[in-house]
Amino acid sequence: MDKFSAHQVINGTWGEIWIDGTYMAEVTAFEAKVTLDKTDVNMTRRLAKAQKVIGYSCTGQITLNKVSSFFIKKLSDDMKAGRQTVCTIISKLDDPDSSGAERVVIKDAVFDELTLANWAAKTLGEEQVSFTFSDWDLLDTI
């Protein structure tokens with residue numbers, strides 16, 4: 001793409017996610033990223049560090065308005081029983097003014113922690129839930 005118009009820049013207001021098929025209307029932000037794991041490779045006659053990719057790490061975070069006990073209900077019993085709750089997350093970003101929609105499915109998502117209570121007077125409730133995952137697929141690209 002040689003040129004683009006300002007109106008084509010994606011606006012996150014049009015983002016949506018589903019967790020195991022449940023639409024999460026209360027989500028205000030979502031991030032899933034893949035970071036390369038590297039190790040140093042020593043080489044003679046070279047001062048710069050060389051590196052080799054030996055794997056990757058997948059992490060993410062969901063930010064949402066606190067309107068329900070969704071995560072407590074989804075994770076609590078499994079955590080107490082020593083079971084891992086594994087989820088599928090679908091992210092969709094579909095700004096009507098952009099050049100298309102982007103959908104990504106996050107596979108094997110495991111949430112890192114469970115917040116049982118977090119509130120303060122005169123403050124709107126918000127949750128931030130971090131997770132790891134091991135695979136993903138692109139469903140739609142722009």
Side-chain angles (χ1 to χ4, degrees), residues 1-43 46-142:
M1 179 181 279
D2 293 328
K3 291 175 74 176
F4 71 94
S5 298
H7 74 277
Q8 292 175 297
V9 176
I10 300 290
N11 179 351
T13 298
W14 302 100
E16 302 174 286
I17 71 163
W18 291 259
I19 298 176
D20 287 340
T22 300
Y23 179 65
M24 304 297 294
E26 60 270 37
V27 170
T28 59
F30 180 75
E31 178 183 52
K33 63 182 177 180
V34 180
T35 304
L36 295 176
D37 299 330
K38 303 180 226 174
T39 189
D40 289 345
V41 177
N42 293 319
M43 300 173 72
R46 186 173 178 179
L47 295 176
K49 279 187 179 180
Q51 296 185 327
K52 177 158 180 77
V53 173
I54 57 171
Y56 54 81
S57 302
C58 305
T59 59
Q61 183 160 332
I62 302 169
T63 304
L64 51 139
N65 293 312
K66 177 69 173 174
V67 297
S68 74
S69 300
F70 177 84
F71 285 101
I72 292 173
K73 290 189 272 187
K74 185 145 194 82
L75 302 174
S76 187
D77 288 344
D78 280 353
M79 289 178 115
K80 284 181 163 188
R83 291 187 304 262
Q84 185 169 292
T85 304
V86 180
C87 301
T88 298
I89 302 171
I90 296 177
S91 168
K92 179 181 179 185
L93 189 52
D94 190 10
D95 183 333
D97 215 14
S98 70
S99 300
E102 183 176 77
R103 284 190 317 141
V104 178
V105 59
I106 304 299
K107 300 177 179 182
D108 303 324
V110 177
F111 297 104
D112 296 337
E113 61 187 6
L114 174 60
T115 301
L116 298 175
N118 182 12
W119 59 270
K122 297 185 180 184
T123 302
L124 295 176
E126 182 179 83
E127 288 184 277
Q128 290 188 332
V129 184
S130 58
F131 62 92
T132 58
F133 61 100
S134 63
D135 197 9
W136 70 93
D137 281 324
L138 304 175
L139 301 175
D140 296 311
T141 60
I142 300 170

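As the structure is a computational prediction, the values presented were derived from the model and not from experiment.
- Looking at Val105 and Thr88, their side chains come closer than 4.5 Å, going by heavy atoms from C-beta outward.
- For Leu124, the CG atom sits in a loose shell: 12 or fewer heavy atoms of surrounding residues, nucleotides or ligands are nearer than 6.0 Å.
- Lys66 contributes a side-chain N or O that, together with a main-chain N or O of Ser68, makes up a donor-acceptor pair within less than 3.5 Å.
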Chi angles and distances behind the side chain to side chain contact (heavy atoms under 4.5 Å, CB included) call for Ile106, Val104: CA-CA 6 Å; Ile106 304 299; Val104 178; 3.9 Å; yes
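- A pairwise comparison of heavy atoms in Asp108 and Val86 identifies CA-CG1, 3.5 Å as the closest pair.
- Closest heavy-atom contact between Trp18 and Lys92: CZ3-CB, 3.8 Å.
- The CG atom of Leu114 lies 4.5 Å from the CG atom of Leu116; values are rounded to the nearest 0.5 Å.
- Counting only heavy atoms from C-beta outward, the side chains of Ser57 and Val34 never approach each other to under 4.5 Å.
- With rounding to the nearest 0.5 angstrom, the CD atom of Gln84 is 11.0 Å from the CG atom of Leu75.
- A side-chain donor from one of Asn11 and Thr13 sits under 3.5 Å from a side-chain acceptor of the other.
- Rounding to the nearest 0.5 Å gives a distance of 4.5 Å between CE of Met24 and CZ of Phe71.
- The shortest side-chain heavy-atom distance between Thr63 and Val27 does not fall under the 4.5 Å cut-off.
- The minimum heavy-atom distance linking Thr85 with Lys74 is given by the pair OG1-O, 3.8 Å.
- In this structure, CE in Met79 is found 11.0 Å from CD1 in Ile72, a value given to the nearest 0.5 Å.
- Contact annotation: the side chain of Phe4 approaches that of Val9 to within less than 4.5 Å [non-hydrogen atoms, C-beta and beyond].
- Salt-bridge annotation for Arg103 and Asp94: absent, with no side-chain N of the basic residue lying under 4.0 Å from a carboxylate O of the acidic one.
- In this structure, OG1 in Thr39 is found 8.0 Å from CD in Gln51, a value given to the nearest 0.5 Å.
- Inter-residue side-chain proximity for Glu102 and Asp140 is flagged as unmet; no heavy-atom pair is nearer than 4.5 Å.
- Side-chain contact annotation: Ser98 with Gln8, donor-acceptor N/O pair under 3.5 Å absent.
- Checking Ile89, Ile19, Thr59 one by one against Phe131, the side chain to side chain contact (heavy atoms under 4.5 Å, CB included) holds for a single residue, Ile89.
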Candidate pair Gln61 and Gln128, rule side chain to side chain contact (heavy atoms under 4.5 Å, CB included), full reasoning: CA-CA 7 Å; Gln61 183 160 332; Gln128 290 188 332; 3.3 Å; yes
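- A distance of 9.5 Å separates CG of Asp97 from CH2 of Trp14, quoted to the nearest 0.5 Å.
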Verdict with reasoning, Lys107 to Phe133, per side chain to side chain contact (heavy atoms under 4.5 Å, CB included): CA-CA 6 Å; Lys107 300 177 179 182; Phe133 61 100; over 6 Å; no
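- Taking the six-membered ring for Trp, Tyr56 and Trp136 have ring centres closer than 6.0 Å.
- Looking only at side-chain heavy atoms (C-beta outward), Phe111 and Ile62 come within less than 4.5 Å of each other.
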